[in-house]
> 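Let me begin by handing over the structure; questions about it come next.
Quick note: numbers below take in every heavy atom, side chains included, and nothing from hydrogens, waters or symmetry partners. Residue numbering restarts at 1 for every chain, and letters A, B, ... go by the order of the sequence lines. Since this is a predicted model, take the numbers as computed values, not measurements.
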Amino acid sequence: MEVSRFALFVFTIAILASPALSDLVLSRVDRRIYLTSQIVRISSTLKVENTGPETVSEVLLAFPELQAKNLAFLMATPHEGKGKVKNTVISLPIKAANLKDVPPALAFYSVSLPKGLAEGDTFTFDVLAVFTHALRPIPEQITQGDRQLVVFQESAYYLSPYAVKVQSLSVKLPDSDIESFTKLEKTTHQGSEIKYGIYENLPAYSYSPIVVHFPSNQPFAVAKELVREIEISHWGNVQVTEHYKLIHGGAQSKGEFSRLDFQARPNVKGASAFRYLVANLPPRAHSVYYRDEIGNISTSHLWGDSKKTELLIEPRYPMFGGWRTAFTIGYGLPLLDFLYESEGKRFLNITFSTPVVELVIDTLIVKVVLPEGSRDISVSAPFPVKQLQETKISHLDIDGRPVVVLEKNNVVPEHNQYFQVYYKFNKLSMLREPLMLISGFFFLFVACIVYMHADVSISKSSASYLAKEQWEEVKAATQQIQNIISRCLTTHYKLEASLRDLSRTGDVQACKAARKTADGLLKELSKELKPLLTILQSSPSAAQILPKVEELVAKEKELQEKMMLKHSTVVDGYEKKSGARDIENRVALQQQKLAALRQEVDDLLEFIDEI
Amino acid sequence: MTNNSLRNAFGGVLSFFILLLIGVLAFSIRLFSVIKYESVIHEFDPYFNYRVTQFLTKKGIYEFWNWFDDRTWYPLGRVIGGTVYPGLTLTAGTIWWLLNSLNIPLSVETVCVFTAPIFSAFASWATYLLTKEVKGAGAGLTAAALLAMVPSYISRSVAGSYDNEAVAIFALIFTFYLYIKTLNTGSLFYATLNSIAYFYMVCSWGGYTFIINLIPMHVLLCIVTGRYSSRLYIAYAPLVVLGTLLAALVPVVGFNAVMTSEHFASFLVFIVIHVVAFVYYIKGILSPKMFKVAVTLVISVGLVVCCAVIAILIALVASSPTKGWSGRSLSLLDPTYASKYIPIIASVSEHQPPTWPSYFMDINVLAFLVPAGIIACFLPLSDASSFVVLYIVTSVYFSGVMVRLMLVLAPAACITSGIALSQAFDVFTRSIKYQLPGVSSTNELDAGETSSTTAEAQNDAVKTEKTEETSKDRPSRKSKKKEKVQVEKPSTKAKAEKKRLLALPLEASVISLLLLIMLGAFYVVHCVWAAAEAYSAPSIVLTSHSHDGLHVFDDFREAYGWLRHNTDVDDKVASWWDYGYQTTAMANRTVIVDNNTWNNTHIATVGTAMSSPEKAAWEIFHSLDVKYVLVVFGGLVGYPSDDINKFLWMVRIGGGVFPHIKEPDYLRDGQYRIDSQATSTMLNCLMYKLSYYRFVETDGKGFDRVRRTEIGKKYFKLTHFEEVFTTHHWMVRIYKLKPPKNRIRGKTKKSKSL
C-alpha cells in the first residue's frame, strides 16, 4: 500500500517538475543494486554530457526523501575503465544541495566535477550509495521455523533532475530464491539477478516503482549504540574497548523458541537467527577479551597471522529477530602501528568504525583518550562528525586525560576509514605517574622511619611513661648483666678446656697461664657488673627482677670460686705428679657441686630471660 | 652487645618478611579461581552482596540504610538496609571508594572479587598475633602459615566468593586476639579496641553470637578455676558494655542485642564477674573472720534473691515459643530441631551435619595435630591457652552440627596445630642441637662469639623453627641451606648438660623431624589441590574435561543474559529460591522468592505452585503477577543439583503451609521417582512438566542422566505455559505464562462443544 502511494506521489512530482536545472544530460546510467546483505549498496556509473552553452562544474544527484533518510554513505569517484588500479582514485567532493524550484520530496546532493564541462564534453563517474534499514521485513513477525522475507523498493528508472538517454538496472539478490518482484517491460530474471532495461530516452524525474520481495537470512545485526574507546598510552599500547548494544534488526520472532528444534536442524529451525559475528582486528592485536556485565563469554575464537587478527564472537544465545544483547570487546594494539609524529605534533591514525563485518551502527561514539597533558588537539575525519571534548580521570591522574568524542549516526562498513587526531605531548609527562608512585612510597617509608624513631607520647611526665622509660633501662641493664654472666661462663669453659689440655699434655705452665688470664678476665667482668647492679638497685621498677639478678650474681661468684678451687686442685695434683685417678677422685665432689651450681645459674638465666 | 641487638633486629625483620610472605601466600592461593576460570562473583549469596555493594557505591550510605528493595519477594519487597549484615558491603564499598578517590578506577566487581583473598591475608596475620599472645612468635608464625592455606577457610574465601564469612573470620580472630591481648596486658586501650573489633564482627556476620557466648564461657571458666584478676575484669566488662551498645547500632541486630537468648550468657557472666570482683574487694578490706561472717550472710540472702530473679527470667524466656532463640541457634543446640520443625533451614546443604571425610577434606592433618596442641596448651596452662582450649572444644562441637561452621573450627584447629607443631619442632631441634657435641666443642674455642650466642641460644631455637616452618611453604634450596646453618649454630654446654636429660635420642628426633616436615608437606599439597581443584569453581560456570578437551557449561549466564536483554524490565520471574539472588543480580528482574529465606509462606507458595498441576500452578503464578518461570534441569548433561533433585523440599515446604500438597502423593515406596513407577501426581506436577517438556525428543527415550532412568511420562503438551528459552545444554529452561485470554477462549470452546 504504502509503496504504491509513495510511487504515485513521486510520479506526480515527476510530472509537475520544472524542466531540467541545467543543460546536462545523462547519456548513460548503469545501476547495480546489491541486496546480498542487510546493507543495501547501489553503485551507479553515470556518464554526463553537457548540451548547453555554459560550462558546468556540478552534477546533482537526487534521492527520494524516504531513501535519503536511510542513506548512510555516498561517494563519487571518477570512472576508470576496468582492470585499472583503483586505490589511487580520489573521490569527488559531495555536498548536500539546497535548491529552490525543485520538488520538495527529494533530497539533492551535488557532486563537484574535477574540471568544468564545456559544451559537448562528457564525464563519467561512479556513485556508491549505501543505505541502512532499507530492507523491510514482511511479514513483520515470524516464528522460529520461518524464513525471513524482506522487501526492497526502488525505481526502475534512474531518478534524476536530468534527462537520461540510456539506462539499465540490475538487482543482485543473496540467492535465486525470490518471493515476488515487479515485472515491467524488459525485465529479465536470471539466477540471483534481476535486470531492468535497457530503457532509453526518459525525461527528468522519471520514476517507476519496483518492489522485490525475497528471503534473506543474512545476519541483520544492528548495533543500536556502539561506544569505542581508544586509549593511548605512550608506554607502548593503544587500548581499544568497544561496547556494543546489539539487536537483530530483521523480522520479529514470535511464539515459542525451542532449543530442541534449533539444535536438531539449525538451518531450518533457526534460519533467520544469527549465531556469531566476525571481527577483523588489526594485525598484532593482543590481550583480546570478550565479555558482558555478568562476566566472560566463553564462546569466541581468535586466529591471527601477521596480516590480520580474526575474532569470531558468539553472543551468549543465538540471536533471533528482535532479540537484544550487549557485550564488550577489548584489545590492545602496539603503539608503533598507529601513532606517528610530524611537524612537532603527534597524530593517531586509526580506523573510525567497528572491526565487526557487515554491522550497521545506529549511533557510533568514538572516544579517543589522549595521555594526560596533551595540548592543541585537533581532529581530521574523512566525513563530517559531531565533535565534543571531555576529560576522563583514570589511573593516578591528577587533572584528567583529554578525551575527543566523535559521534556519528547511521554508520556502515564504508565508514571504516582512517581518521587522525593531532596533539602535542611532552615526553617528560610520561614520567609523572611513575615518579608520583615512587615519591609516594618514599614518603611512606620516611614516615615509617620517623614514626619508629620519634617518641610520640603525649605526656613526657606521666607515670606510665616514666615507668616505661625505667623499665627500658632495667631491661637494658639486665641484658648486659646476662651478657657478662655468659661471658663468665665461657671463661669457665676455657678453664675446663685448659684442664683437659693439661690431662692430655701435662703442660702445667700453660695451664697456669690460662688460669691467670681467666682470673684477670673474671675480675674485669665483675668490675663491669657493679655499676649495672647499682642501676638495678636504684630503679624502683626493677624490684621484681632484682632479687633474681642478685641471686644470679651470687651464684655465679660461687661457681667461679668453686671453679678456681677445682682448677687449683687439679693443677696441684699434676704438680705433685699424683695419678690421674687420684686427682679425679679428689675433684669428683667439686665436680658435682659445680654441676649443681651451673644448673642453678642456667635456670636463673632462663627465668630472667622470660621476664 | 651490638651483635645481640642486631640479632634481635634480624629476627624481627625475618619474621616480618615471613609474615609478609604468608600474606602473599594466603592471597595468591585463592586466585586459582580467577586463573582457571575468570574474575567473577561466585555462587548465590555473593551475588546478593555484590548487588548491595553496587547499590551502595552508586547511591551512598544513607540511601543504603533506607533501601527498600522492590525487586525481590514480589509483592512484599524487602527492607535491605535493615535486614542485611552490612560489614562486608561497607568494607568493599570503602575499599572501592578509597581506590577511586586515589584515581584508581577499579570496577566494583573487581573489588568484590578480591575482597575475600585480601581479608584472608589479614586473617592469617591476626592468627599470628593471637597465637603469639598464647604461645610465642614461633607458634604464631606456624599457625599463620597453616591458616593461610587451610582448605576449610579457602572454600569460603577464594577470589569471587564475596560472602560475609570472608571478612567475618578475620574479625573473629582479631576480636579473640584483642581479648587475649587485653587479658595479658590489662590495658583499657586494647579493651576498647576489642569492643570495636567485636562491633565489626557484629556488622559482618550472624556468627558473632559465637564470640559473645565463648568469651563469657571463658571468663566463667577463669573465675571457677580461681584465675580471677583485674585483667580479666578489664578484658570482659568493657566488652560487654561497649560491645552491646555498638552491636545495637547495627540495624539488623538492634534490640536483639539485649533481648534474645543468644546474648543472655554474656549478661549473666557480667553479673557474676561483678559479684566476684566485689567479693575480692570485700575480702581485701575485711579480716578473714569478718569475711566468713559476711559470706554466710550474703550467700543466704543472695540465694533467695537469685532464685527469684532466675525464676522471673525463666518465666519470661519460656513465654516465647522458641525460648527466645532463633531457629538457626536452636538447631545448633538441638541438632534435630531443624529437620523437625523448619524444613527451610534443613533444606540447605550447608546446614547439614558434616561427614567424617569432610573433616579430612577441610582441615586435613590438622585433625591429628589438634589433640597434641591441646596438650601443649596445658603445659603450662595460662589464661590465654585455656581460651584456646575452650575455643577448639566448642567449635568442634558446632562444626559437628553444621557443615558451614567448619569454618569456625578452622582457625581454632590452625592455632592449636600451630602450637603443637611449633612445640614439637622446638623439642626435636633442641635435642638435635644438644646431641651434636662435635659442633659445639669446636666452637667453644671461639670465645668471643660463643659468649654472645649463649644468651641467645633460646632465641635461636625459636628462630630455627621459624625458618623451618616457612621453608615448608617454599621448599627452596636456599631456605633449606639456611636451616642447616642454623641447626649447626654453636650452643653451650651449660644448657646441654641439663637439656640432655630431657633430650630425645638423636636418631629418633631427626626421624620425627623429617616425618613432621613430611606431614607439613602433605598438608601443603592437599591445600593446594583443594584450592585448585575442589574449591575454585564459581558454580555459575561449570567445566568438564572430556577426551576432546575442556568443555564449558555457561548455561546459567546464558539464561540470565537472555532474561536481562529480552524481557521487560518489570517482568516477574518465578523460580525456586536458590536462583533468586542470581536472577536479581545478573538478570535484573524481579523475583518472587530468593535466598534470604525470611518468609516461609511465600516460599511455600512457590513450592506449591511447582508441585501443583499446570492449571493450578498457572493460577498461583498469575495471582503473583509472574510472567516467566525458570527451572533448572540437569537431565540432559547430568548436572546433579537441579530442580528435580530439590523437588522434595518444594513439596515438603509447600506442604508445610498448604496442606493439600501431601508428600506421600509424590512418593512411590517412600522414594521420589520420575520413571514409569512414579505417581500420577508427580508426573503431572508443573516441575516435572517444565523440566521434561519435549525432553524425549532429544534421544527418543527420555533418559535422564542424573536420575539414571527413563522418564515416566514422555509425550505431553503444555497448556498454560510456553517455552520461550532453553539454554545450550538445557540446564536452564524459561517458560512464559500464556496470557489469560487464550485460556478463556479455550474454556468457551470447550463449553460450546459440550
> Which one wins on heavy-atom pair count under 4.5 Å against chain B: A:C488, A:S394, A:S298?
A:S394

> At a 4.5 Å cut-off on heavy atoms, which part of A:Q144 comes close to chain B: side chain, backbone, both, or neither?
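Answer is neither: A:Q144 stays 4.5 Å or more from chain B.
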
> For chain B, find which of A:T491, A:L260, A:I393, A:L396 contributes the most heavy-atom pairs closer than 4.5 angstrom.
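Maximum pair count with chain B is reached by A:L260.
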
> Is the distance from the ring center of B:Y581 to that of B:F48 below 6.0 Å?
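Yes; B:F48 has its ring centre under 6.0 Å from that of B:Y581.
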
> A:T328 and A:H243: side-chain donor and acceptor closer than 3.5 Å?
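The answer is yes; a qualifying pair exists.
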
> Hey, does B:E558 have a side-chain heavy atom less than 4.5 Å from the side chain of B:V732?
no

> Could you have a look at B:H728, B:K736, B:R733 and say which one has the most heavy-atom pairs with chain A under 4.5 angstrom?
B:H728

> Which region of B:Y693, side chain (C-beta onward) or backbone (N, CA, C, O), has a non-hydrogen atom less than 4.5 Å from a non-hydrogen atom of chain A, or is it both or neither?
side chain

> Parallel, tilted or perpendicular: which describes the rings of B:Y579 and B:F556, with under 30° parallel and over 60° perpendicular?
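Aromatic pair B:Y579/B:F556 classed parallel.
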
> Picking from B:E38, B:R694, B:R557, B:E697, which has the most non-hydrogen pairs under 4.5 angstrom with chain A?
B:R557

> Measure the spacing between CZ of A:F274 and CH2 of A:W323 and express it to the nearest 0.5 Å.
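That separation rounds to 11.5 Å.
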
> Angle class for the B:W562/B:Y628 ring planes (parallel below 30°, perpendicular above 60°, tilted otherwise)?
perpendicular

> Heavy atoms only, distances under 4.5 angstrom: which of B:E109, B:R564, B:E723 has the most pairs with chain A? Name it, please.
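If we count pairs closer than 4.5 Å to chain A, B:E723 comes out on top.
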
